[in-house]
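Both counts, for ligands and for their atoms, begin at 1 and track the order of listing.
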Amino acid sequence: LIGITVDKAKDFPGWYQQILTKGEMLDYYDVSGCYILRPGSYFIWEQIQHWFDAKIKSLGVQNAYFPMFVSSRVLEREKDHIEGFAPEVAWVTKAGSSELEEPIAIRPTSETVMYPYYAKWIQSYRDLPLKLNQWNSVVRWEFKHPQPFLRTREFLWQEGHTAHLTSEEAQEEVLQILDFYEGIYNELLAVPVVKGKKTEHEKFAGGVFTTTCEGYIPQTGRGIQGATSHFLGQNFSKMFNFSVENPLGSEHPKIFAYQNSWGLSTRVIGVMVMIHSDNKGLVVPPRVSQYQAVIVPVGITSKTSDENRAKINKTAQHIESRLIKAGIRATGDYRDNYNPGWKFANWELKGVPLRLEFGPKDLSEGQVTVVKRNDSKRMTVKLDELEARIPEILEDIHEELFVAAKQKFDSHRVIVDEWKDFVHALNQKNVILSPWCGVEECEEDIKNSSAQKDDGEEFEQDEKSPSMGAKSLCIPFDQPELKPNQKCVKCHRKAVNYCMFGRSY
Ligand SMILES: O=C1CCCN[C@@H]1CCCn1cnc2ccccc2c1=O
């Protein structure tokens, strides 16, 4: 049988690799950290693009395309912005057999590519706001263990870069974009996320603050950063020198533009797969699934008359076309060289949300049998209720997937006020909300002191294995109430807010 031979609960990385390849989402490539996105996953990316593109265009964002190559002079334009990232930058040093004069970097992100042109194009305050987005790919030569979708050396993403006359307008947009990111997770992928602000230590160093959507992978109990929206303040406009006349008059000082940058990548597909899929294969949420329903003729045996066999296949094809006409992404599997059982396993592997079985009994009763991929529930739908019922069942599936994932996240997000309870809670696959002092050394101390088993034994740490220390994930916008004089969970300084900590990707 073609099925999954690895248990999600026993060998999560092995399971993840198998369902992606056997589910035909992705294939491995001979350059480490690079993968092939097959139609099943590319379709999901297209749905995300379609939804998000409409949203940002409603804010007046325009798409553009900038070169993928960055000269070293331009890339190193801003030392501190990229110093920590320099080891990840991939360089082109040769063309054919001849060395290039100057090495050329492949964009890891496009600030240094775009902002010199923002400086050139923004002369007057009337040129603001300037809001451009790129749908492109970037390269980051990570050395940590690559993971399909989650950590790859090239990935598809969108990067939005906006410039505004006022800080208020910029900060309003940074949160609007974050809400759109939450919408991609909740509305399209049926994945719950926690929105919040990154700590000073975890934020994008080039910006003023970073807001984030944090996901949770139940199997590993790890948090995962799902999308970021940064308020850059005037840091980059001062660096690249784009300021405009003050609308109040030339006697007022020139204004350096206030900027945002925001990004979401194909990592979201990995998060969706890890959360919803099971030991039978992929489970793809209906709103992004390439096929939402697959119809399979059943009950045709060597004893079935040719007339009945033809009738069953013809009616099945008729059902398929009715669904397509009703806007459902339907397909049918009429192959006569595979039996229904094999077909069921195959389409379950590919994560199709709904299977319709149509056989002699269904033909005589004027009905079809419907099987839901997420919970294997079987129902009967009268043929004349098809166009009404199938969309409803698909919506139910989306809702059930979201509720199940939210229940898992909510039940593994625990409040811990005392350090004595912290490590045990972490080892129960939880992310932890704790009162925190806001001091970076304390954040580091929490990370270093939490890479332990319950008996206090340290985990052996090497750069290849995922870190076992609890990092700060975000300071959630939705905060539990601090008690008066509440102390920091670790250092007993006064707590300033609750911070979400957890092992992470
Ligand atoms: O997140 C985003 C959203 C989209 C636009 N860029 C920002 C910030 C990117 C931060 N970053 C991330 N990896 C890097 C890797 C190499 C060089 C530079 C960088 C780098 O600046």
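In terms of the side chain to side chain contact (heavy atoms under 4.5 Å, CB included) criterion, residue partners of His412 (sequence neighbours excluded) are, by chain and number, Tyr216, Lys429, Asn430.
Screening residues 170-201 for ring-ring contact (aromatic ring centres under 6.0 Å, His included) gives Phe52-Tyr181 as the qualifying pairs, with residues at least two apart or on separate chains.
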Close N/O pairs between ligand 1 and protein, under 3.5 Å:
| residue | atom | partner | partner atom | Å |
| --- | --- | --- | --- | --- |
| ligand 1 | 1 (O) | His230 | NE2 | 3.0 |
| ligand 1 | 6 (N) | Thr109 | OG1 | 2.9 |
| ligand 1 | 6 (N) | Glu111 | OE2 | 2.6 |
| ligand 1 | 13 (N) | Arg140 | NE | 3.4 |
| ligand 1 | 21 (O) | His81 | NE2 | 3.0 |

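In this structure, the side chain of Arg140 does not engage the main chain of Phe155 through any donor-acceptor pair within 3.5 Å.
Judged purely by distance below 3.5 Å, without hydrogens or angles, the side chains of Glu99 and Thr93 never pair a donor atom with an acceptor atom.
Considering every non-hydrogen atom in both Val244 and Gln123, the closest pair reads CG1-O, 3.8 Å.
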Throw together a table of side-chain donor-acceptor distances under 3.5 angstrom for residues 32-48, partners on residues two or more places apart or in other chains.
| residue | atom | partner | partner atom | Å |
| --- | --- | --- | --- | --- |
| Ser41 | OG | Met25 | O | 2.8 |
| Ser41 | OG | Arg38 | O | 3.1 |

